Amino acid sequence: MYSLLKPCKTSAAYEAIPREHLNLDLDQSEEILKNVCTIVTNAGILLIVNDRCEVSIHKDGRLILKTDSQEIASDQAGRIAAWLEGTTAIRKHQQGRSSGMTKSDRGR
Amino acid sequence: MEVGILAKLISLISGGIDSPVATYLMIQRGVEIVAVHMDNRPFTDEKNLDKTMSLVRHLQDLTGTPIKTYVVPHGPNHIAFARNCQRHLHCLFCRRMMYRIAERIAQIEGADGILTGESLGQVASQTLQNLMVINRTVKMPIIRPLIGLDKVEIIEIARKIGTYEISTLPGLCCTIVPKKPSTAAKSGDVLCEEQKIDIGTLVEKSLAGMHVFSFETL
């Protein structure tokens, strides 16, 4: 689900970018994730959970992993992906992130 | 100049580069400072609070003046605005809440105004139009000693006074900032959106959750 893990510009966290364009239902994600990790807050546009590290989950599937350990960040991104993959919380757009398609194209 | 002769100001101080510079400049002008740090967790990390405390300590040592410091929880305010109001105005709601809380602390402390590190056009919330909307939040004078400086000039001062190295330590940027923040907000739109929120209760809860650190406990 995640293809790119890169340090944030401030080096205080890692950012995981989804391989495909995603649209996450954060309320459904919260329902699923509350069984496996701690929900810090659901701000509607952003869900924050705590597991091996604190993670901000954005609606577009992007993760901000609050750790300076790449190993923990990578493992945590994999765990989030495994918990959400195949559930109704996650909707994938048909084309990949690098396709250059417009927003309206992706919505079709 | 003797500190406190000119005025007493509430300095909105973050772990960034600008606000410590603004604070230093005003201390040098003889102003007594009370620092207020708005704690954005969980939308930032604890490193920002650590950096802020280190910066305050550094400014105290540098200037030889004690700086009483308030740390105010701001995360719940972000959540209220994110859930109920237009996304592109979020940074304005955030700053207006900071000013409201700073004004209340100014009343507690008998301070004369609010000091910020804002400089014109540096980020989305600091355009002239947005600063006008922010100004209307409070009745107190707002002092912006960096308003006409560019980032290079501010960094130069920060390096000179030794805050740059602390400000640039790792720390997570605010994760709730919208992708496309408004750069020319209209006062009416902001006021209309804020009516969806019980602002008074948010301010009271923020003040109830604040912590005060004195010179000895920093």
Side-chain angles (χ1 to χ4, degrees), chain A residues 5-18 21-31 33-34 37-70 72-73 76-77 80 97 102-103 106, chain B residues 14-18 39-52 54-55 73-91 93-94 97 123 151 164-182 193 196-197 202 205 209:
Chain A
L5 193 68
K6 62 174 186 178
C8 281
K9 60 183 178 184
T10 55
S11 307
Y14 280 85
E15 183 175 12
I17 312 289
H21 285 283
L22 300 180
N23 184 8
L24 280 185
D25 182 321
L26 295 182
D27 291 332
Q28 283 196 44
S29 300
E30 180 185 0
E31 283 301 307
L33 294 175
K34 75 180 183 188
C37 55
T38 306
I39 305 297
V40 177
T41 190
N42 181 356
I45 47 115
L46 180 70
L47 174 65
I48 303 180
V49 302
N50 201 352
D51 181 39
R52 285 199 71 193
C53 65
E54 200 169 279
V55 189
S56 300
I57 306 172
H58 291 257
K59 274 188 168 178
D60 61 4
R62 210 162 32 91
L63 306 180
I64 304 291
L65 304 126
K66 297 180 193 176
T67 175
D68 50 17
S69 161
Q70 185 168 2
I72 292 174
Q76 185 66 75
I80 298 282
R97 178 168 285 274
T102 64
K103 193 175 179 184
R106 288 200 305 270
Chain B
S14 69
I17 294 168
D18 302 345
D39 183 357
N40 288 314
R41 287 178 295 173
F43 303 104
T44 56
D45 58 12
E46 71 288 343
K47 291 184 180 115
N48 282 294
L49 178 58
D50 295 342
K51 281 164 62 174
T52 302
S54 297
L55 286 162
H74 197 31
N77 302 330
H78 283 293
I79 294 169
F81 288 116
R83 282 189 180 152
N84 296 289
C85 302
Q86 287 184 27
R87 280 292 291 141
H88 70 291
L89 298 173
H90 190 94
C91 295
F93 303 138
C94 167
M97 280 304 287
V123 293
K151 198 71 185 182
Y164 182 79
E165 289 71 20
I166 304 168
S167 297
T168 52
L169 288 170
L172 188 63
C173 296
C174 185
T175 55
I176 204 165
V177 170
K179 276 183 181 170
K180 292 180 181 172
S182 172
E193 286 297 304
K196 297 174 183 174
I197 303 283
L202 282 183
K205 282 186 177 174

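All values derive from a computational prediction rather than experimental measurement.
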Looking only at heavy atoms, what is the nearest atom pair of A:Ala12 and B:Pro170, with distance? CB-C, 4.0 Å

Does atom NZ of B:Lys205 have more than 12 heavy-atom neighbours, drawn from other residues, nucleotides or ligands, at distances under 6.0 Å? no

Is any residue of residues 39-49 of chain A within less than 4.5 Å of chain B by heavy atoms, and which ones? A:Val40, A:Thr41, A:Asn42, A:Ala43, A:Gly44, A:Ile45, A:Leu46, A:Ile48

With A:Glu31, which residues qualify under side-chain hydrogen bond (donor to acceptor under 3.5 Å, both in side chains), at least two apart? A:Lys34

Main-chain N/O of B:Glu46 paired with A:Lys66 side-chain donor or acceptor, under 3.5 Å: no

For B:His78, ring-ring contact (aromatic ring centres under 6.0 Å, His included) partners two or more places apart: B:Phe43, B:His74, B:His90

Find the distance between CG (A:Leu65) and CG (B:Leu172) and round it off to the nearest 0.5 Å. 10.5 Å

What distance do A:Glu54 atom CD and B:Asp45 atom CG have between them, rounded to the nearest 0.5 Å? 8.5 Å

Looking only at heavy atoms, what is the nearest atom pair of B:Thr175 and A:His58, with distance? O-CE1, 3.5 Å

Can you name the side chain to side chain contact (heavy atoms under 4.5 Å, CB included) partners of B:Ala80, sequence neighbours left out? B:Ile197, B:Leu202

